[in-house]
There are 2 protein chains.
Amino acid sequence: MAMSSKQKVYQGVLQEIRQYIDQQHLMPGDKLPSERELADTLQAGRSSVREALRAMELLGLIETKRGEGTFLSTYRPYQTVELLSSFILKEARTREDLYLAKKILEKEAAKLAFSRMNVQDLDKLEQLLYDPVMGPNDRHVAFFKYLFTKSENLLLARVWQLMEEFSHTINKLYYSKVFYIELVQLYSTKNYELIEPLFESLAVQDDDQFE
Amino acid sequence: MAMSSKQKVYQGVLQEIRQYIDQQHLMPGDKLPSERELADTLQAGRSSVREALRAMELLGLIETKRGEGTFLSTYRPYQTVELLSSFILKEARTREDLYLAKKILEKEAAKLAFSRMNVQDLDKLEQLLYDPVMGPNDRHVAFFKYLFTKSENLLLARVWQLMEEFSHTINKLYYSKVFYIELVQLYSTKNYELIEPLFESLAVQDDDQFE
DNA sequence: GCCGTAAAGTGGTCAGACCACCCTTAACCA
DNA sequence: TGGTTAAGGGTGGTCTGACCACTTTACGGC
């Protein structure tokens with residue numbers, strides 16, 4: 001576990017574990033070797049292994065169950081987001097970056113989903129919009145989650161989800177209700193060319209978020 | 001350090017440290033109490049404190065210097081994004097997904113950079129295009145790296161860079177030389193509206209990658 | 001006052017000891 | 001035979017104490 005001498009043990013362990021996951025083709029839900037076993041095979045102390053695992057856990061990469069073991073999880077950065085958001089809050093620069101990036105992804109998802117939209121989808125979207133139970137933010141998430149699913153690009157969806165969770169704790173980022181309605185309208189009237197302008201018309205400000 | 005009983009100690013420590021930073025108004029570069037001191041005041045084992053600190057370190061929130069102490073670092077959320085994205089990519093990468101997502105980011109970067117382009121920039125880009133030393137792939141990377149810089153959204157740039165690195169291992173993904181030339185042309189003739197169509201005209205296939 | 005060395009402080013790491021919890025298994029009883 | 005229960009072993013959760021390597025500080029001799 002020596003390596004570049006400057007490398008801390010827990011970082012080495014992190015790499016080894018990642019490698020192990022790759023080599024064994026582990027999928028979410030699969031079990032990792034026990035902490036003691038890892039410590040033994042990697043020739044590291046159990047505390048060092050734990051430091052690596054705790055870091056991974058905080059990132060939402062693994063889940064641990066007392067008495068059972070450590071498992072690969074489907075990526076879910078619940079804790080990370082909360083922790084990081086408290087540090088990010090001040091950086092306006094970051095917020096704008098995030099807002100813009102998110103908007104771009106949402107726009108493209110809307111466009112990708114276009115050709116795959118059928119009547120049932122439109123119903124579902126409208127249903128979402130007029131669901132009295134949902135707040136504006138939940139509606140935004142549900143709405144675009146649906147679009148991302150229809151866009152059939154898992155990578156984009158994941159990246160968006162990550163950004164969504166980040167922005168979620170920092171600030172509420174959704175559009176005016178009119179926006180969603182008009183977008184659905186564009187779907188039903190099959191007006192692809194107007195999607196882009198619709199998004200472009202959104203100002204990059206918090207002010208345009210109203211119910 | 002009990003709390004909701006389900007809460008692990010290191011998570012509690014994490015919260016306490018965050019609170020401490022807030023209360024003491026610590027700024028980047030400031031020193032945190034030593035691990036032993038934290039363990040003592042928070043009534044937790046040093047190993048638990050270390051698990052919390054290691055996790056924070058992995059997130060880039062703190063830096064540790066052996067023999068000196070632990071310090072708050074200027075927080076760069078992009079490092080985290082990078083780490084998480086690497087896992088997302090591993091899970092979600094499909095050639096088509098990756099190609100499409102990368103193209104989208106490149107398109108948007110091209111559009112964001114538009115209004116910020118001046119004569120020197122155009123020279124630089126043309127220079128890149130006709131550099132005889134570069135292969136088509138290097139040229140692609142250099143070309144868009146420049147555009148992303150001009151677009152001034154570090155987050156998008158990071159995400160793109162990651163995708164770029166991953167696409168290397170899968171396949172070379174670049175456009176025909178005509179494409180780049182036409183894009184520069186659009187910049188010099190200030191024809192914003194044609195950027196989108198130019199990208200749209202690219203087929204989502206490997207075949208359109210030729211010199 | 002200056003310099004060098006010892007001491008104290010700090011992160012890095014390991015080993016061992018418990019605890020709480022889960023699951024399997026075997027023994028037990030009806 | 002079948003179902004229940006108790007025990008054991010495996011696992012993560014946590015703490016303690018012990019070193020090591022390194023940096024800073026303090027002390028003492030010059």
Side-chain angles (χ1 to χ4, degrees), chain A residues 1-18 20-21 24 26 28-73 76 78-79 83, chain B residues 1-18 20-21 24 26 28-73:
Chain A
M1 199 92 298
M3 302 222 127
S4 59
S5 72
K6 274 294 181 184
Q7 176 96 309
K8 294 179 193 171
V9 173
Y10 92 92
Q11 291 172 331
V13 171
L14 210 50
Q15 283 200 317
E16 298 271 5
I17 292 177
R18 229 158 97 167
Y20 176 86
I21 292 172
Q24 301 293 315
L26 294 192
D30 288 349
K31 192 168 173 299
L32 281 157
S34 75
E35 295 179 353
R36 290 170 178 83
E37 193 178 333
L38 281 173
D40 197 48
T41 55
L42 299 182
Q43 297 187 54
R46 193 182 155 212
S47 51
S48 288
V49 171
R50 276 186 64 80
E51 287 181 8
L53 289 178
R54 258 1 87 212
M56 288 183 73
E57 184 181 64
L58 192 69
L59 288 177
L61 300 173
I62 58 173
E63 278 175 24
T64 57
K65 293 173 188 169
R66 176 189 240 143
E68 296 181 57
T70 305
F71 304 85
L72 241 74
S73 72
R76 213 167 299 285
Y78 44 94
Q79 318 220 10
L83 179 68
Chain B
M1 198 95 297
M3 302 222 115
S4 60
S5 75
K6 275 292 181 187
Q7 175 97 311
K8 295 177 191 172
V9 173
Y10 91 92
Q11 292 170 331
V13 171
L14 216 45
Q15 295 238 345
E16 298 271 6
I17 291 178
R18 189 180 61 177
Y20 175 85
I21 291 172
Q24 302 293 317
L26 294 193
D30 289 348
K31 191 167 174 298
L32 266 74
S34 75
E35 296 180 351
R36 290 170 177 84
E37 194 179 333
L38 281 173
D40 195 48
T41 54
L42 299 181
Q43 297 187 54
R46 192 179 156 214
S47 54
S48 289
V49 171
R50 276 186 65 79
E51 287 181 9
L53 289 178
R54 260 359 87 214
M56 288 182 74
E57 185 181 61
L58 193 68
L59 290 178
L61 298 173
I62 58 174
E63 279 174 22
T64 58
K65 293 174 187 168
R66 177 190 237 141
E68 296 181 56
T70 305
F71 303 85
L72 240 74
S73 71

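Just so we're on the same page: letters track the sequence lines, and every chain starts at 1.
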Whole-Å distance separating the NZ atom of A/Lys8 from the P atom of C/dG11: 10 Å
What is the distance, rounded to the nearest whole Å, between atom CG of A/Leu53 and atom P of D/dG13? 9 Å
Taken to the nearest whole Å, CG/A/Asp40 to C1'/C/dG16 is 15 Å
Please report the distance, rounded to the nearest Å, between CZ in A/Arg50 and P in C/dC18. 18 Å
N/O-N/O pairs, protein side and nucleotides 8-11 of chain D side, under 3.5 Å:
{"from": "D/dG10", "atom 1": "N2", "to": "A/Gly67", "atom 2": "O", "distance (Å)": "3.0"}
{"from": "D/dT11", "atom 1": "O2", "to": "A/Gly67", "atom 2": "N", "distance (Å)": "3.3"}

Any side-chain N or O of B/Ser48 less than 4.0 Å from the OP1 or OP2 oxygen of D/dG13? no
Nearest heavy atoms of A/Ala44 and A/Val49, plus distance in Å: CB-CG2, 4.5 Å
Residue of the set A/Arg54, A/Glu51, A/Glu57 for which side chain to side chain donor-acceptor pair (under 3.5 Å) holds with B/Tyr10: A/Glu57
Strictly below 4.0 Å: does A/Arg54 bring a side-chain N or O up to OP1 or OP2 of D/dG13? yes
Could one point to a donor on the side chain of A/Arg46 or the base of C/dT13 with an acceptor on the other under 3.5 Å away? no
Measure CG/B/Leu38 against P/C/dT10 and give the value in whole Å, please. 10 Å
Of all the heavy-atom pairs spanning A/Lys31 and A/Leu26, show the shortest one and how long it is. O-CD1, 4.0 Å
If you compare all heavy atoms of B/Ile62 against all heavy atoms of B/Leu53, which two are closest, and at what distance to 0.1 Å? CD1-O, 3.3 Å
If the cut-off is 4.0 Å, is B/Ser47 near the phosphate of D/dG13, judged by side-chain N/O to OP1 or OP2? no
Rounded to the Å, how far apart are B/Glu51 CD and D/dG13 C1'? 8 Å
Between the opening five pairs and the closing five pairs of the helix from C/dG1-D/dC30 to C/dA30-D/dT1, how far apart are the helix axes, to 10°? 30°
